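Worksheet: one structure, shown below.
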Amino acid sequence: MNNAIEIKELSLSIEGRQILENISFGLGEIGIACLLGPSGCGKTSLLRCIAGFEELNYGEVWIKGIIASKPNHHLPVEQRNIGMVFQDYVLFPHMSVTENIIFGLKDQRATRIKERLDELIELFALEKHTRKYPHQLSGGQQQRVALARAMAPRPGVLLLDEPFASLDIQLREQLARELRSILKQDGITTIMVTHNQLEAFAMADIIGVMGDGKLRQWDTAFNLYHEPKTSYVANFIGEGVFIKGEVINSIEVKTDIGNIKGHIPHNFEKGKKVRVLIRPDDILHDDDSKVTAHVRGKAFRGAEFLYTLETKNGLYLQSLVPSHHDHPMNEPIGIKTEIDHLVIFTDEEISI
Amino acid sequence: MTFKNFSESFYSLLNLNFGLLKFSRLNLTLIILALFFCIPVVIVCGSLFFPAKDIWVHLIDTVLTDYIFNSLALLIGVGFFSLLLGVIPAWLVTMYQFPMSRYLEWAILLPMSMPAYIIAYSYTGTFDAAGPVQTIMRELTGWEYNDYWFPEIRSLGGAIAMLSLVLYPYVYLLARASFIEQSICVLEVSRTLGCNAIDAFRRVALPLARPAIIVGLSLVLMETLADYGTVQYFGVSAFTTGIFRTWFGMDNSLVAAQLSAILLLFVVVFLYLERRSRKQLAFHHTSNRYSPLLKQKLKSSSAFFAFVICFAPLLFGFILPASFLGEWAISTYSEALDIDFYILLLNSLSLAFVTALLALVIALFLVYMNRNSHLFINRFLVRFISLGYAIPGTVIAVGVLIPFAWFDNRLDEFLTLHFNFSSGLLISGTLFILIFAYLVRFLAVSINTVEAALEKIKLEMDEVAKTAGMSHVSIMRRIHMPIMRGSLLTALLLVFVDVLKELPATLILRPFNFNTLAVRTFELANEERLAEAAVPALAIVIAGIIPVIMISNSISRSRPGYE
Amino acid sequence: MKKTLTIIIFLIFQQLPNAAEVNVYSARKETLIKPLLDQFTRDTGIRVNLITGKADIFIKRLEIEGENTPADILLTIDAARLVRAKEKGLFQEVISDALNKVIPNYFRDIDNHWFGLSLRSRVIVFAPDRVNKEELIDYLDLANSKWKGRICVRSSSNIYNQSLVASLIAHHGINKIEIWASRLVENFARPSKGGDRDQIKAVAIGVCDIALVNNYYLAGMLESSQEYETYAAKKVKLFWPDQNGHGAHVNISGAGVTKYAKNKEEAIQLLEYLVTDKAQQWYSDINYEYAVNPEIKNTAILGIWGVFKSDDLNLSLLGRYNRDAVLLMDRVGWK
């Protein structure tokens with residue numbers, strides 16, 4: 001078992017309700033994974049299973065080559081050597097920043113404790129706050145202290161439960177990137193839970209998209225976006241619409257907005273009716289194009305407009321257009337498709 | 001000039017005079033009310049300004065060291081044991097599931113319904129040298145009294161034991177409320193950081209519960225200092241017995257008041273330490289998320305220990321003494337349950353209830369006044385009133401009698417002079433003065449409890465409500481009350497039970513033909529007619545039980561998500 | 001709830017004008033005095049309003065209440081408190097032939113401020129199997145080292161002990177009694193605890209061999225319905241101290257009419273009632289005290305102990321030396 005974390009066919013039900021079903025994945029050393037999904041999909045429960053707060057009904061959890069959870073075997077939380085950061089940080093109010101951070105280091109020699117403390121303080125830029133108490137810190141500072149505290153004992157895996165949920169939105173992406181670099185620097189395996197894609201994209205090496213207690217796809221952000229394996233993932237990640245199409249050959253599909261060609265062959269037979277995923281970045285603004293569509297909606301996004309367009313056939317598409325092209329509502333604009341990845345699903349798959 | 005005009009101009013006069021200090025009318029009324037309750041404390045403290053050298057020389061030469069030593073020993077002993085007996089079961093019962101834990105949760109509060117002197121009488125009656133236990137032992141073994149060693153119940157150690165057994169529920173109550181309220185997340189976090197159950201308790205749960213525990217402990221210590229019945233019966237010379245003796249035996253009220261002032265000193269020290277530690281730590285909720293509290297089921301060996309630890313205080317503090325009393329009651333009940341007894345019962349219950357209600361309402365007013373204003377005088381007054389708890393009932397009674405009798409006499413003079421009408425003693429000699437004395441003594445209890453409860457509600461919540469257009473009263477009713485319900489019931493219960501058990505002030509101040517269960521029990525026991533004392537004693541205990549159960553339930557229910 | 005309120009209000013404003021009544025502050029316990037008072041009410045129709053408590057407390061209360069005190073009578077269980085009340089000017093003079101005829105003059109105040117109603121004596125009880133009756137003499141002998149570790153006495157805060165010591169001071173002077181008291185304390189078998197009945201029980205078990213108690217406690221125990229009390233009482237015997245000297249120390253329960261009594265006539269009626277033969281007999285039969293009326297035949301129990309010589313010390317001296325007694329007992333460590 002080379003992976004730092006290995007989950008095998010994990011299932012969890014509580015009071016008759018199935019919370020998690022047949023989850024399997026592995027995460028290597030120093031890897032940062034993110035469990036992404038809407039509220040109620042079970043991602044926090046999965047995290048708590050790994051932490052040891054929940055006992056699973058079926059399957060296995062391995063942490064650093066040691067079996068931590070199995071149906072009749074459950075290693076207690078305090079013996080798993082994990083670090084966890086809760087959603088509202090839950091710092092110990094009766095302890096200073098320093099005392100919070102070194103809380104898990106009680107068994108070590110004083111010099112080593114001091115060393116590790118200094119390391120973390122520098123890592124998280126907390127020099128000015130060491131003597132303060134949690135109620136004297138801002139949200140961002142509290143988060144850093146919570147992280148430092150969890151990382152101090154060098155746990156085998158770090159578990160983060162929506163760590164950015166209480167912070168300012170603009171800061172989140174940037175903080176996510178900073179945190180990623182800190183985690184890489186400290187060399188710690190991490191699993192994060194969030195419902196926010198941008199955080200996931202910024203933080204993770206690999207993302208697990210979850211829905212209804214199942215792991216839908218375990219892949220890189222890029223692949224999830226451009227090669228979603230199920231329509232669920234396709235719907236959840238990024239934006240887009242499905243349009244009707246008919247298979248021409250193994251890499252080409254005919255649609256109402258033209259024939260679309262991809263690179264990777266698929267298995268559908270010729271003539272099959274399928275749905276094609278069209279992302280906003282697949283539709284480009286082209287004044288020279290003969291194909292036009294009317295602007296039915298505009299969402300300003302700073303650098304771009306997200307236009308909702310209606311084609312002559314009544315098809316609704318979305319397009320990301322640089323924002324200095326400010327077209328008024330209901331005006332026709334020329335569009336062309338530029339699709340590298342052909343993502344198609346059958347009608348039945350769409351409804352899953 | 002109508003009364004309204006008069007009061008308005010009075011207030012505006014005050015506002016003018018004080019200039020920058022703006023008192024609302026309500027605030028001013030409350031201040032005056034609060035000052036009322038400070039009178040006895042002022043009188044007691046005021047006695048310090050009158051020297052009485054020769055008596056003090058005598059006291060120092062003879063008994064003062066005893067008083068100090070014994071009182072200190074009581075404080076330390078009772079403090080230590082009530083912490084032990086209160087905190088550990090509170091933790092076990094909150095976190096774990098073990099046989100009977102659901103019942104022990106509230107049953108462990110039962111000793112609170114026993115007055116200390118009653119449990120003292122019942123243990124003495126049973127375990128004393130002349131009692132059945134030792135008598136049977138001597139018969140069986142043929143030993144004489146001097147041949148064996150048996151713990152002497154009537155001693156300092158015995159007094160410590162009796163008081164601890166009866167007072168630990170205060171600590172238990174507050175510790176448990178605090179443990180329940182702590183976010184489960186704090187404990188989970190500590191587990192991820194390598195703490196096992198004991199470490200999590202020691203390093204996290206306990207420190208977080210500290211302010212609540214200290215409040216409970218300070219109540220215990222103040223009750224200990226105020227106890228008279230137990231120490232007197234056991235022959236322990238402590239400050240209370242000394243005060244009684246000096247006051248009545250030596251007929252020196254001045255020195256007795258001065259001794260009381262020293263007693264107060266102890267209490268002030270406690271209160272100061274408590275306030276200081278509270279200020280340093282901001283103990284708001286650690287997290288606003290609540291997960292349901294899943295109790296861990298204990299394995300059989302730990303479960304057994306947990307059971308024993310939680311059952312023992314209940315056994316010694318309630319079950320045993322209640323059964324001794326029960327046995328005595330059975331042998332005397334046919335004579336004891338007459339019409340006099342039922343009148344007694346009614347008297348005691350209604351007196352206790354009315355007082356408890358008043359105490360709660362006044363405490364709410366005072367605490368709210370403090371919360372919404374930053375005036376030093378408000379805080380100071382509330383603190384000052386809390387000192388009333390430390391003053392023995394006897395002292396308060398006289399501290400209350402003097403001003404009221406003075407008032408009554410002056411009023412009578414005035415009315416006789418101007419209207420040829422003698423009012424006699426209007427206030428003193430009625431229940432009013434008795435209830436007032438109770439309030440002086442027990443307001444501290446409801447103030448403390450209400451304060452602790454209100455502290456948990458952030459001021460921001462009030463601000464949110466105000467922006468939604470809610471008035472102060474609305475905020476109190478619709479936001480604070482539901483959250484504080486458990487604590488308010490606690491406050492009501494604590495005062496109710498305290499009044500039921502109260503003895504010295506009742507003995508002194510009660511009106512003609514008015515007796516309470518406590519007085520009856522005391523008189524009978526002091527005539528060494530313990531068996532007959534058992535019936536009224538049990539009545540006190542039983543009456544005190546139902547609120548105990550109520551209280552336990554409402555604490556559990558007040559935590560969101562707890563079942 | 002409403003009912004409770006009405007009852008409370010009613011109880012609070014109890015100043016309802018009534019038929020004839022008399023208000024009593026009593027240091028005698030309710031169970032001991034109420035039956036007699038109820039009988040008085042039945043016989044005369046005068047209602048008695050009663051509060052019981054410690055005499056010291058009532059004295060304080062009378063002082064504070066001043067002219068407006070509701071109390072008409074102060075009933076105490078010892079002479080020293082009556083003297084103290086008189087010294088504070090809390091009583092008024094009562095001229096009553098009935099009282100003066102029945103009560104011997106050394107059992108009432110010289111200025112007719114207070115009157116003794118019943119007698120009790122502080123005696124020595126001993127365990128006959130461990131103590132030779134010949135060894136017992138008087139109170140002073142108790143300081144003898146032969147009694148070391150064999151004596152039980154209750155606390156010095158009890159008024160009976162204070163009065164005993166006061167009477168000894170009156171007879172022998174402070175210095176001599178201080179020495180006596182310190183030796184007495186050294187002879188204690190255990191630190192003072194409990195009441196007189198406890199001391200009797202202690203002798204019965206063997207904790208100590210002799211004790212100083214009031215005689216009516218022993219009588220009460222002999223007649224008790226509780227088996228362990230009769231058992232203990234039977235194991236000890238009573239000794240009248242100092243029969244060849246001043247006589248056994250005697251104290252009284254008594255009463256006086258308060259200075260500002262509102263129901264003076266009724267109060268005097270009550271006092272006179274308490275010295276009627278019927279009442280005096282009741283004291284003797286039910287409370288096991290000696291009637292202050294020397295003509296009354298004492299109940300069988302009291303008769304067993306025979307006639308005794310009682311100290312005829314003027315009881316006001318018990319009041320005079322009370323404070324000295326208390327300070328003395330403090331100094332010798334009699335707790």
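Order of the sequence lines fixes the chain letters, A, B, ..., with proteins taken first and strands second; residue numbering starts at 1 for each chain. Heavy atoms only: backbone and side chains are in, while hydrogens, waters and symmetry mates are out. Bear in mind that the values here come from a model prediction, so they are computed numbers and not experimental data.
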Under a 4.5 Å heavy-atom criterion, the part of residues 114-131 of chain A in contact with chain B comprises none
State whether the number of non-hydrogen atoms from other residues, nucleotides or ligands found under 6.0 Å of A:Asp212 atom CG is greater than 12. no
Could you measure the distance from the CG atom of B:Leu193 to the CD1 atom of A:Ile102? Nearest 0.5 Å is fine. 11.5 Å
Among B:Leu206, B:Leu208, B:Val186, which residue meets the side chain to side chain contact (heavy atoms under 4.5 Å, CB included) test with A:His94? B:Leu208
Atom NZ of residue position A:Lys70 - does it have more than 12 heavy atoms of other residues, nucleotides or ligands inside 6.0 Å? no
Based on non-hydrogen pairs under 4.5 Å, which of A:Arg80, A:Glu78, A:Gln136, A:Gln79 is most in contact with chain B? A:Glu78
Working for side chain to side chain contact (heavy atoms under 4.5 Å, CB included), residues A:Arg149 and B:Val189: CA-CA 10 Å; A:Arg149 177 178 67 178; B:Val189 165; 3.3 Å; yes
Does OH in A:Tyr58 sit with more than 12 non-hydrogen atoms of other residues, nucleotides or ligands closer than 6.0 Å? no
Relative to chain B, which of A:Ile82, A:Val85, A:Leu159 shows the most heavy atom pairs under 4.5 Å? A:Ile82
side-chain contact (heavy atoms from CB on, under 4.5 Å) partners of A:Glu29, counting only residues at least two apart: A:Ala4, A:Lys64, A:Thr189
Could you tell me if the side chain of B:Ser190 sits less than 4.5 Å from the side chain of A:Phe92, heavy atoms only? yes
N/O donor-acceptor pair under 3.5 Å between B:Arg203 side chain and A:Phe103 backbone: yes
